[in-house]
Amino acid sequence: MTAAVDGFDRWIRHEFVDFNTELEEAYFSARSEVLFGRPELEKIKRAIMLDGAELIARITEDGGIPADEKERYRLLGAVGFYLGACRRHEAGGPENPDAERLSAAWSLANILGSSLGVAPRFVFAHQSLHNPSVRDSYRTFTSLEDERVFITYNGLAVLAYQRAAGALRRIPTMGVSNPMATYLFEDARAALDDVLRFNRTLSENLDVDRFFFNIRPYFKPYQVGGIEYRGANAGDFAAVNEIDLLLGLCKARDPFYQNLLAEKYAYVPPEDQVLLRTIVVAESLLDRFLSEAETGPVTPRFRLNAELFLAICRAHGAAYAYHHHKLVKPFLEAPAKAAPKERLSDMTASGPPLEMVIRGLGYLSDLRAARDRPGVVSARASLGRLRELLSAADA
Ligand code: HEM
């Protein structure tokens with residue numbers, strides 16, 4: 001790390017956190033997403049914008065852009081925290097970020113983003129898995145306990161999804177009836193149960209109002225060099241898609257799913273881009289089970305693995321249904337109903353109106369739960385066929 005990068009990192013971990021926390025406490029007392037026209041608060045907003053701009057200008061003047069890819073990715077995250085906070089506090093006004101002040105940050109973010117092949121903004125990976133902790137503390141926007149709870153349990157759920165994907169990814173080369181695959185199926189099943197457990201802990205420990213007023217607003221879309229990039233969310237990793245496609249619950253040739261993957265590509269970390277590229281051409285485990293069951297005897301090992309596979313599909317559907325009904329709806333949809341009208345266009349991380357985002361997530365939830373409904377053709381029939389073949393072999 002150069003001295004300038006180091007100085008910026010120190011500021012992001014200390015003064016920046018204090019400034020944001022003070023603003024958040026004022027917004028929270030007023031139960032308002034943001035406040036304008038209060039001189040003491042405007043002064044803090046201005047200090048965030050100016051102090052950060054000065055420290056970032058030093059990095060570009062030094063010409064010290066890190067050679068190491070991981071360090072460049074982390075720096076992109078830190079610059080993104082700064083830009084995300086300027087956007088969140090609407091410093092310069094919501095439609096009018098102070099372009100001149102932000103130009104050094106925009107330029108650095110663009111250079112870092114292009115060098116890495118990712119969107120030039122912070123994403124959830126910068127808040128979780130690419131966020132080294134120093135003396136027990138990773139980078140956050142505020143020192144609010146709810147932010148720590150939110151990032152930690154989201155991050156743990158991402159790790160659990162990655163563990164499930166890592167196990168499933170290894171099965172195709174050994175075959176679905178391999179005795180060693182049993183161990184991997186069991187591991188994937190346990191990992192998806194962990195996703196549900198972490199989501200449940202999150203829902204039980206996160207305060208709805210704190211999330212809505214003080215955490216969610218940092219996840220909004222923001223501009224870099226006049227182009228708007230959509231906001232961050234915990235789905236911006238390859239693992240959940242690897243699980244969808246490897247299980248065969250979603251199909252890479254489904255236009256809805258293709259759009260989802262294409263849209264997400266720039267928002268996942270570079271190592272996940274490789275995984276997304278690989279997964280779209282993989283044969284699903286469901287297809288492998290069906291073709292073996294249609295053509296050969298159902299051996300005890302095949303049956304054991306097939307039953308584990310069916311349990312994994314149920315666990316994946318259950319974890320995502322929980323996300324939809326116990327996280328998205330109570331933490332976003334319900335409080336949004338009480339928000340002032342002029343704020344409604346600004347509710348989602350991706351940018352489209354909230355109802356549209358929730359409809360898309362509902363569609364995904366049905367695919368992952370293999371639930372057919374008008375307009376959704378899920379893997380329900382194929383899973384039913386596998387169950388039939390297992391029962392027929394019983395008779
Ligand atoms: C209070 C907690 C949470 C809320 C309110 C929430 C809300 C949302 C919303 C609104 C989206 C759509 C983003 C957009 O287009 O604007 C989304 C996407 C997503 N979230 Fe969450 N989320 C929460 C926690 C989590 C957790 C803990 C996980 C587990 C890793 C998770 C996984 C995902 C996934 C995988 C997607 C993207 C859909 C996909 O590509 O499959 N979320 N979330």
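In listed order, ligands and their atoms are each counted from 1. What's counted below: heavy atoms across the whole structure, side chains too, no hydrogens, waters or symmetry copies.
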Participant: Counting from 1, what ligand 1 atoms have a heavy atom of Asn233 closer than 4.0 Å?
Facilitator: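 Atoms satisfying the 4.0 Å criterion: 13 (C), 18 (C), 19 (C), 36 (C), 37 (C).
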
Participant: Taking non-hydrogen atoms only, is Tyr161 closer than 4.0 angstrom to ligand 1 via side chain, backbone, both or neither?
Facilitator: side chain

Participant: Should Val274 and Val280 be regarded as members of a common hydrophobic cluster, given that ILVMFWY residues are connected when their side-chain heavy atoms come within less than 4.5 Å of each other, either directly or indirectly?
Facilitator: no

Participant: Within ligand 1, which atoms have a heavy atom of Leu332 less than 4.0 Å away?
Facilitator: 10 (C)

Participant: Is ligand 1 less than 4.0 angstrom away from at least one heavy atom of Arg368?
Facilitator: yes

Participant: Is it the side chain (CB and beyond), the backbone, both or neither of Val357 that lies under 4.0 Å from ligand 1, heavy atoms counted?
Facilitator: side chain

Participant: With a 4.0 Å cut-off, would you call Arg210 and Glu24 a salt bridge?
Facilitator: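 A salt bridge is absent here (no side-chain N lies under 4.0 Å from a carboxylate O).
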
Participant: Which part of Asp244 is near ligand 1, with near meaning a heavy atom under 4.0 Å away: side chain, backbone, both or neither?
Facilitator: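 Neither part.
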
Participant: Relative to atom 2 (C) of ligand 1, which among Tyr153, Phe331, Tyr322, Phe150 owns the nearest non-hydrogen atom?
Facilitator: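 Comparing heavy atoms across Tyr153, Phe331, Tyr322, Phe150, the nearest one to atom 2 (C) of ligand 1 lies in Phe150.
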
Participant: For the pair Asp194 and Arg163, find out whether any cationic side-chain nitrogen is under 4.0 Å from an anionic carboxylate oxygen.
Facilitator: yes

Participant: Out of all atoms in ligand 1, which are within 4.0 Å of some heavy atom of Leu364? Include the element for each.
Facilitator: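 The atoms of ligand 1 under 4.0 Å from a heavy atom of Leu364 are 38 (C), 39 (C), 41 (O).
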
Participant: Under 6.0 Å between ring centres, would you say that holds for Phe81 and Phe141?
Facilitator: yes

Participant: Consider side chain to side chain contact (heavy atoms under 4.5 Å, CB included). Of Val268, Asn131, Val158, which one does Phe124 pass it with?
Facilitator: Val158

Participant: Just wondering, more than 12 heavy atoms not from Arg380 lying within 6.0 Å of its CZ?
Facilitator: no

Participant: Could you tell me whether Phe237 approaches ligand 1 through its side chain, its backbone, both or neither, with non-hydrogen atoms closer than 4.0 Å?
Facilitator: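 Neither part.
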
Participant: Could you name the option among Ala319, Pro335, Gly235, Ala234 that has the heavy atom nearest to atom 28 (C) of ligand 1?
Facilitator: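 Result: the heavy atom closest to atom 28 (C) of ligand 1 is in Ala234.
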
Participant: Do we see a donor-acceptor contact under 3.5 Å between the side chains of Asp372 and Ser378?
Facilitator: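 Yes.
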
Participant: Between Glu54 and Arg58, does any NZ, NE, NH1 or NH2 come within less than 4.0 Å of an OD or OE carboxylate oxygen?
Facilitator: yes

Participant: Heavy-atom pairs closer than 4.0 Å: do any link ligand 1 to the side chain of Val195, the backbone, both, or neither?
Facilitator: neither

Participant: Please say whether the positively charged group of Arg216, taken as NZ for Lys or CZ for Arg, lies over the ring of Phe331, i.e. under 6.0 angstrom from the six-membered ring centre and within 45 degrees of the axis.
Facilitator: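 Here Arg216 fails the 6.0 Å and 45° test against Phe331.
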
Participant: Relative to ligand 1, is Asp236 under 4.0 angstrom through side chain, backbone, both or neither, heavy atoms considered?
Facilitator: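 Neither part.
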
Participant: Lys264 and side-chain hydrogen bond (donor to acceptor under 3.5 Å, both in side chains): which single residue from Asn241, Asp236, Asn233 fits?
Facilitator: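 The residue from Asn241, Asp236, Asn233 that satisfies side-chain hydrogen bond (donor to acceptor under 3.5 Å, both in side chains) with Lys264 turns out to be Asn241.
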
Participant: Heavy atom under 4.0 Å from ligand 1: found in Gln162's side chain, backbone, both, or neither?
Facilitator: neither

Participant: Numbering the atoms of ligand 1 from 1, which are under 4.0 Å from a heavy atom of Phe211?
Facilitator: 5 (C)

Participant: Would you mind listing which atoms of ligand 1 come within a distance below 4.0 Å of any non-hydrogen atom of Val328?
Facilitator: 7 (C), 8 (C)

Participant: Counting only heavy atoms closer than 4.0 Å, does ligand 1 sit against the backbone of Ile358, its side chain, both, or neither?
Facilitator: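 Ile358 to ligand 1: no contact under 4.0 Å from either part.
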
Participant: What atoms of ligand 1 come closer than 4.0 angstrom to any heavy atom of Ala157?
Facilitator: 29 (C), 30 (C)

Participant: Check whether any heavy atom of Arg230 sits under 4.0 Å from an atom of ligand 1.
Facilitator: no

Participant: Would one find an N or O of Lys264, backbone or side chain, under 3.5 Å from an N or O of ligand 1?
Facilitator: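 Yes; the residue has a nitrogen or oxygen that sits under 3.5 Å from a nitrogen or oxygen of the ligand.
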
Participant: Applying side chain to side chain donor-acceptor pair (under 3.5 Å), which residue pairs with at least one partner in residues 111-125 are found, sequence neighbours left out?
Facilitator: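 Residue pairs with at least one partner in residues 111-125: Arg72-Ser115.
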
Participant: Going by the rule side-chain contact (heavy atoms from CB on, under 4.5 Å), which residues pair with Ala315 if we only count those two or more places apart in sequence or in a different chain?
Facilitator: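 So Ala315 forms a side-chain contact (heavy atoms from CB on, under 4.5 Å) with Arg189, Leu192, Asp193.
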
Participant: Indicate yes or no: at least one non-hydrogen side-chain atom of Arg303 is less than 4.5 angstrom from one of Thr299.
Facilitator: no

Participant: Hey, is Arg216 touching ligand 1 through its side chain, its backbone, both or neither, going by heavy atoms under 4.0 Å?
Facilitator: neither

Participant: I'd like to check which ligand 1 atoms, numbered from 1 as shown, lie under 4.0 Å from a non-hydrogen atom of Tyr320.
Facilitator: 36 (C), 38 (C)

